[in-house]
Protein chains: 2
Amino acid sequence: MKDVQSDIRFKPVAPRKIYQYILEQFVQMVSAKVIKPGDKIPSERELALAFHVSRPSVREALRVLEIIGLIEVQAGGGAYLKEMELGPFIGVVAPLLFSRENFDLELLDFRETLEIRAVELLAQHMTDDDVTMLKTSLDAMEHAVSTNDPEAGATADVAFHRTLLEASKSYILQKVMDLVVSLFEHSVRGGRSIVLERREDARQLYLDHLHIYRALRNREFDKARNLVVSHLQMVRQLYVMH
Amino acid sequence: MKDVQSDIRFKPVAPRKIYQYILEQFVQMVSAKVIKPGDKIPSERELALAFHVSRPSVREALRVLEIIGLIEVQAGGGAYLKEMELGPFIGVVAPLLFSRENFDLELLDFRETLEIRAVELLAQHMTDDDVTMLKTSLDAMEHAVSTNDPEAGATADVAFHRTLLEASKSYILQKVMDLVVSLFEHSVRGGRSIVLERREDARQLYLDHLHIYRALRNREFDKARNLVVSHLQMVRQLYVMH
DNA sequence: TCTGTCAACTGGTATTACAAGTTAACCATG
DNA sequence: CATGGTTAACTTGTAATACCAGTTGACAGA
């Protein structure tokens with residue numbers, strides 16, 4: 001308290017690089033909807049000309065946008081804006097996260113937290129349309145189970161849970177859950193095989209979903225919540241024993 | 001079901017770019033702890049030589065690592081590995097997220113979800129050390145309030161909540177909460193001023209924390225949970241009325 | 001109608017060069 | 001001896017250029 005340093009604090013000065021300025025302008029254009037998803041982005045050479053910078057600088061900015069999943073670049077074609085999707089980003093980071101002990105189990109726990117909250121929000125916002133959507137996902141899963149198609153079953157599984165999250169009307173919850181799903185897909189254990197292939201398990205998963213659906217349809221949200229919890233406990237069990 | 005396409009599915013072939021190979025190798029080295037936080041990374045020219053690629057390719061990979069917050073690059077100095085920290089990433093993405101209607105309120109709701117879960121986990125894992133840590137954060141806040149230092153108060157505020165999350169022993173919960181905090185710092189409303197400067201409010205916030213702390217110390221976790229809920233309701237109120 | 005060809009794009013990569021910042025050793029000055 | 005200035009050898013930042021490779025669309029030919 002007796003020194004100058006405690007009154008006047010010097011903040012480190014950090015000069016920003018050109019690619020950051022480009023990023024800033026670009027992101028601003030996107031949020032101002034000057035560019036919309038699906039639009040083609042000017043070529044790198046044009047951008048360099050427009051920004052009065054060199055092509056490498058433009059490219060460094062594009063690399064970041066690519067990792068964020070805000071643009072899709074095809075060699076020779078061009079770059080297109082798309083809805084932000086953090087898959088590529090997760091692809092880079094996943095190995096770091098999974099190098100932690102028990103990360104996958106923590107992830108399952110976190111998923112439970114998200115889904116429980118989603119059900120709570122459903123109690124406030126659920127519409128008849130939401131119920132219809134859930135039914136559709138459920139039927140797809142039933143079909144997958146009866147035709148014994150494990151891949152389709154897994155797809156229908158995530159579709160059901162995704163619908164649940166969408167019905168919660170919470171943008172953040174949806175996006176975070178998307179991240180969790182992306183992470184599971186990058187799970188280290190034997191590649192992408194969170195997919196449960198044993199027939200009895202698939203049937204049991206379907207039944208769980210069915211019960212959750214029925215509880216929601218009857219607007220018994222507390223019951224639905226408990227069903228979600230026990231459902232995920234079962235998933236966890238299947239998971240730990242491979 | 002009658003066509004070849006339904007049996008044999010052709011997956012699109014997507015050639016990976018050089019910078020992605022570099023990223024992959026680099027991340028692998030990090031998770032294998034060949035490189036550790038604090039270490040200096042070889043210069044761009046050395047890396048280019050080692051990877052048998054050109055310097056621009058190396059730079060594109062470094063830009064991604066920089067945004068991920070895995071390395072820190074100082075012009076003329078060099079690049080250093082650090083603990084992954086998604087601040088820079090959030091800095092790029094934040095404007096996009098906050099361009100959504102009511103994103104900030106959704107964020108507060110999400111924060112509530114995280115903290116409630118943290119308290120639930122505390123019921124299982126809390127140690128005496130955790131209680132001590134909480135007390136320390138609390139005392140810092142008390143000091144900030146009594147000396148009427150709003151900036152220190154805000155710092156102590158987040159420190160208290162951060163300690164809460166750390167005590168939950170959940171790595172994911174901590175990291176996600178860090179993201180939420182970073183996002184709040186980039187909040188559009190009047191710059192960085194989630195900081196509540198009114199003296200009475202600061203006092204009330206302190207009292208809330210005090211009550212939460214006492215409940216936790218006495219291991220009354222249900223009570224603590226309810227206190228957290230009402231505390232965040234109050235924060236929400238302060239927030240919506242600027 | 002289909003198929004191949006070709007020219008004019010596009011992004012991917014490499015090379016080279018220079019500007020600008022950092023670091024450490026050294027030297028001069030008080 | 002300590003401080004500050006100078007310098008040389010690094011480093012990253014940016015630019016310019018060239019060439020390869022993939023894409024696209026128009027057009028000619030079967």
Side-chain angles (χ1 to χ4, degrees), chain A residues 3-5 10-26 29-30 35 37-82 88 91-92, chain B residues 10-26 30 35 37-82 88 91-92:
Chain A
D3 206 310
V4 187
Q5 290 190 2
F10 298 97
K11 294 178 199 166
V13 85
R16 306 178 60 195
K17 302 168 196 173
I18 285 193
Y19 87 92
Q20 290 172 323
Y21 286 103
I22 300 178
L23 270 182
E24 192 178 8
Q25 277 200 49
F26 195 93
M29 283 189 203
V30 174
I35 328 173
D39 287 358
K40 181 169 187 170
I41 294 170
S43 77
E44 295 179 353
R45 293 171 229 271
E46 285 180 66
L47 287 175
L49 226 62
F51 284 121
H52 284 80
V53 296
S54 73
R55 192 149 86 95
S57 294
V58 171
R59 283 182 60 81
E60 290 183 14
L62 290 186
R63 282 300 78 75
V64 174
L65 293 174
E66 199 178 19
I67 285 294
I68 291 178
L70 204 63
I71 66 174
E72 197 155 15
V73 184
Q74 42 182 316
Y80 295 83
L81 194 73
K82 62 172 185 176
V92 177
Chain B
F10 298 97
K11 294 178 198 165
V13 81
R16 304 179 62 194
K17 302 170 196 173
I18 286 192
Y19 87 92
Q20 290 173 323
Y21 286 104
I22 300 178
L23 272 180
E24 192 179 7
Q25 277 200 50
F26 195 93
V30 173
I35 327 172
D39 287 358
K40 181 169 187 171
I41 295 170
S43 77
E44 296 179 353
R45 289 169 231 271
E46 286 181 67
L47 287 175
L49 225 61
F51 285 120
H52 284 81
V53 296
S54 72
R55 193 152 83 94
S57 293
V58 171
R59 284 182 60 80
E60 290 183 15
L62 291 185
R63 283 300 78 75
V64 173
L65 293 173
E66 199 177 21
I67 285 294
I68 291 179
L70 204 63
I71 66 173
E72 198 155 12
V73 183
Q74 41 182 318
Y80 296 83
L81 194 73
K82 61 172 186 176
V92 177

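For clarity, every value in this text was computed on a predicted model and none was experimentally measured. By convention in this document, chain letters (A, B, ...) are assigned in the order of the sequence lines, proteins followed by strands, and residues within each chain are numbered from 1.
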### Task
Using whole Å, report how far CD of B:E46 lies from C1' of D:dA9.
14 Å

Distances for protein N or O near nucleotides 11-14 of chain C N or O, under 3.5 Å:
residue, atom, partner, partner atom, Å
C:dG11, OP1, A:E44, N, 3.3
C:dG11, OP2, A:E44, N, 3.0
C:dG11, O4', A:G76, N, 3.2
C:dG11, N7, A:R45, NH2, 2.8
C:dG11, O6, A:R45, NH2, 2.9
C:dG12, OP1, B:K17, NZ, 2.9
C:dG12, OP2, A:R59, NH1, 2.8
C:dG12, OP2, A:R59, NH2, 3.4
C:dG12, O6, A:R55, NH2, 2.8
C:dT13, OP1, B:I18, N, 2.7
C:dT13, O4, A:R55, NH2, 3.3
C:dA14, OP2, B:S54, N, 2.8
C:dA14, OP2, B:S54, OG, 3.0
C:dA14, OP2, B:S57, OG, 3.0

### Query
Is A:V58 close to A:F26 at the side-chain level, that is, under 4.5 Å between some pair of heavy atoms?
no

### Sidechain N-carboxylate O distance under 4.0 Å for B:E60, B:R63
no

### Query
Does A:Q25 use its side chain to pair, donor to acceptor, with the backbone of A:I22 at less than 3.5 Å?
no

### Query
So, do A:I41 and A:V73 sit near enough that their side-chain heavy atoms are less than 4.5 Å apart?
no

### Summary
To the nearest angstrom, the OH-C1' distance between A:Y21 and D:dA15 comes to 18 Å

#### Entry: B:I67 and A:I67, any side-chain heavy atoms less than 4.5 Å apart
no

### Task
Give the angle between the helix axes at the two ends of the helix from C:dT1-D:dA30 to C:dG30-D:dC1, taking five base pairs at each end and rounding to 10°.
10°

### Student check: side-chain heavy atoms of A:R59 and B:Y19 closer than 4.5 Å
no

### Query
Checking side chain to side chain contact (heavy atoms under 4.5 Å, CB included) against B:L70, which of B:L62, B:V64, B:L65 comes through?
B:L65

### Query
What integer distance in Å separates B:L65:CG from D:dT12:P?
13 Å

### Query
At their closest point, which heavy atom of A:R55 faces which heavy atom of A:A48, and how far apart are they?
N-CB, 3.9 Å

